[in-house]
Amino acid sequence: MHHDVDNSPKDNTDDSLMDRDFDIMEMPVSGLAAYWLSLKKILDDQEDDSLLLEESQHTSEPYISHILRLAASPFGDERVSLLAKEKKRTLLHDLRRKLDLVDITVRALFANENPRLTIVRMNAIFSAPRIAEHEVFETATQWLASIREDDADLAKFAEVDHVHRSETLLIKLIFCQMYARRMGRDACRLLAPYVRFGSLSEAFLLIADGFEEDIVISILRSRKKELLSDTACKMDMALELALGVRNHFPYEDIFTIAMSYMNTT
C-alpha cells in the first residue's frame, strides 16, 4: 500500500532517511522510532538544523513531511504542536472517509446493488459530490469493457490504495464492484492481490470464501477502529519525537520518548 502522494517530479539522486514510499499507516512503531533516532544522530554529527527542511522535501509521507517542515520553521513549540494536530485531524478525517467508501463497496457487493446507486451512496459521505455520477459510471464501464480474463489491465484498474485521491478511489471501487458483479463473488479472489488497501483485500478474500455479510462487516469495522487509533498514536509519537529532535534533546531522551509509545512487555 505504498505510493507517493506528491506527484511532483523529484530528483532521484536525492536521498532521504525514509523510504520514498513510506506510509505512517503501515509502518510499525519500531520503524518510526528508528527513523527519528537516525535523524537525531545525523543532526548531531552534522550540527546543521537545515537537514530537517531538506528531509521534508525528500519525504513523500504527508504527515511526516509536514512536521519536518514545522520543526524547521521559526514557529514556537506551541504553534508547531497546534498545526501538527490540525494536520493529523485533516489526514485522519480523510482516511476515515476512505474507509467508509470501502464499507459501502463491500455492502454493495453483498446486496448486488446497482453501481449507480452505490455511487450516490459514496458521494453522500462528502459535503458535496466529489465526482459526477455519470463520470464514475462511464469510466468504470470503459475499464470493465477493456478487461479480458488474463489482461494485465486488471492489476492497474483494481489497484485500490488509500493514498489515491477520493475521486480516483471512488472510480476504482466502483470498477471492483462492477467486475465482481459481472464475474460473480468468487472473482473477488482475483481482485484481492492488486488491492493495496489491507482491509478491502481481506474483505474480498472473505467474500470469495463465502463468509456472511455480518461477519465481513464486523471485521471491517474492527479493522477501521484499530487502524484509525494506531495511526493517530503514531502521529502523536512522531510529533513528540520531532519536538525532541528540534530542541536538541540528548539521544537517550529521544529514545525514552519513543519507548513511551511502544509495548515492551
Side-chain angles (χ1 to χ4, degrees), residues 1-8 10-96 162-163 198 224-265:
M1 190 184 296
H2 303 303
H3 291 276
D4 288 349
V5 176
D6 180 4
N7 293 320
S8 60
K10 293 184 176 67
D11 183 350
N12 291 331
T13 63
D14 289 338
D15 292 324
S16 169
L17 290 173
M18 186 176 290
D19 189 295
R20 293 182 189 283
D21 294 331
F22 167 82
D23 185 343
I24 196 170
M25 191 182 83
E26 297 241 324
M27 191 175 204
V29 173
S30 58
L32 188 60
Y35 168 75
W36 288 100
L37 290 168
S38 296
L39 184 59
K40 168 62 178 173
K41 282 186 175 180
I42 293 175
L43 281 170
D44 285 349
D45 290 343
Q46 296 186 3
E47 297 183 350
D48 183 4
D49 287 348
S50 67
L51 176 65
L52 291 171
L53 183 59
E54 181 181 348
E55 181 69 8
S56 75
Q57 296 168 349
H58 302 156
T59 301
S60 65
E61 210 295 318
Y63 183 75
I64 299 299
S65 178
H66 187 69
I67 61 173
L68 282 166
R69 285 196 298 272
L70 288 174
S73 75
F75 298 140
D77 285 355
E78 184 176 350
R79 181 160 296 276
V80 167
S81 295
L82 174 65
L83 295 174
K85 288 173 182 176
E86 281 302 304
K87 188 68 170 179
K88 168 189 169 183
R89 183 191 63 80
T90 299
L91 292 174
L92 288 179
H93 181 61
D94 181 64
L95 177 58
R96 184 178 294 107
H162 77 279
V163 302
K224 175 182 176 180
K225 178 182 177 181
E226 293 303 316
L227 181 60
L228 289 169
S229 176
D230 288 349
T231 303
C233 182
K234 284 184 279 188
M235 287 178 169
D236 291 341
M237 173 186 179
L239 172 58
E240 291 301 321
L241 290 171
L243 290 172
V245 168
R246 180 187 206 231
N247 288 293
H248 303 287
F249 287 6
Y251 181 91
E252 293 75 15
D253 290 351
I254 303 293
F255 180 79
T256 299
I257 293 172
M259 292 298 291
S260 299
Y261 290 86
M262 299 172 69
N263 184 354
T264 56
T265 59

**Message:** Measuring from atom CH2 of W36 to atom CD1 of I254, what distance do you get when rounded to the nearest 0.5 angstrom?
**Reply:** 9.5 Å
**Asked** What distance separates L68 CG from T59 OG1, expressed to the nearest 0.5 Å?
**Response** 5.5 Å
**Prompt:** Can you name the side-chain hydrogen bond (donor to acceptor under 3.5 Å, both in side chains) partners of D230, sequence neighbours left out?
**Reply:** none
**Item:** Set of side-chain hydrogen bond (donor to acceptor under 3.5 Å, both in side chains) partners for S65, sequence neighbours left out
**Value:** R69
**Request:** Please confirm whether the backbone N or O of E226 pairs with a side-chain atom of S229, one donor and one acceptor, at under 3.5 Å?
**Result:** no
**Asked** Just how far is it from atom NZ of K88 to atom OH of Y63, taken to the nearest 0.5 Å?
**Response** 7.0 Å
**Request:** Would you name the heavy atoms of A33 and M237 that are closest together and state the gap between them?
**Result:** CB-CE, 3.5 Å
**Message:** My understanding is that only residues two or more places apart in sequence, or in another chain, count here; which of them pass salt bridge (charged side-chain N to carboxylate O under 4.0 Å, His left out) with R89?
**Reply:** E86
**Item:** Reported OG-to-CG distance for the pair S30 and N263, which is rounded to 0.5 angstrom
**Value:** 12.0 Å
**Asked** Who pairs with D44 by salt bridge (charged side-chain N to carboxylate O under 4.0 Å, His left out), at least two apart in sequence or on another chain?
**Response** K40
**Item:** Gap between atom OG of S81 and atom CD1 of I67 - 0.5 Å precision
**Value:** 10.0 Å
**Prompt:** Got a sec, which residues hit side-chain hydrogen bond (donor to acceptor under 3.5 Å, both in side chains) with H248, two or more places apart in sequence or on another chain?
**Reply:** D49
**Message:** Rounded at 0.5 Å granularity, tell me how far CE in M262 sits from SG in C233.
**Reply:** 11.0 Å
**Prompt:** Below 4.5 Å, heavy atoms only, C-beta onward: do L39 and L52 meet side chain to side chain?
**Reply:** yes
**Request:** For the pair T231 and L91, evaluate side chain to side chain contact (heavy atoms under 4.5 Å, CB included) and give the outcome as yes or no after the intermediate values.
**Result:** CA-CA 10 Å; T231 303; L91 292 174; over 6 Å; no
**Message:** Tell me if a side-chain donor or acceptor on N247 pairs with a main-chain N or O of F249 at a distance below 3.5 Å.
**Reply:** no
**Message:** side chain to side chain contact (heavy atoms under 4.5 Å, CB included), that's the test. Do K85 and M235 meet it? Break it down for me.
**Reply:** CA-CA 9 Å; K85 288 173 182 176; M235 287 178 169; over 6 Å; no
**Request:** Could you check Y35 against E55 for side-chain hydrogen bond (donor to acceptor under 3.5 Å, both in side chains), going step by step and ending with a plain yes or no?
**Result:** CA-CA 11 Å; Y35 168 75; E55 181 69 8; 3.1 Å; yes
**Selection residues 241-250 - residue pairs positive for salt bridge (Lys or Arg N to Asp or Glu O under 4.0 Å), sequence neighbours left out** = D77-R246
**Prompt:** CZ of F255: more than 12 outside heavy atoms within 6.0 angstrom?
**Reply:** no
**Request:** Can you see which heavy atom on L83 is nearest to which on H66, and at what distance?
**Result:** O-NE2, 4.0 Å
**Message:** Test side chain to side chain contact (heavy atoms under 4.5 Å, CB included) on V29 and K234; report intermediate values, then the result.
**Reply:** CA-CA 7 Å; V29 173; K234 284 184 279 188; 3.9 Å; yes
**Complete:** Tested for side chain to side chain contact (heavy atoms under 4.5 Å, CB included) against L239, the lone hit among L243, D236, L241 is L243
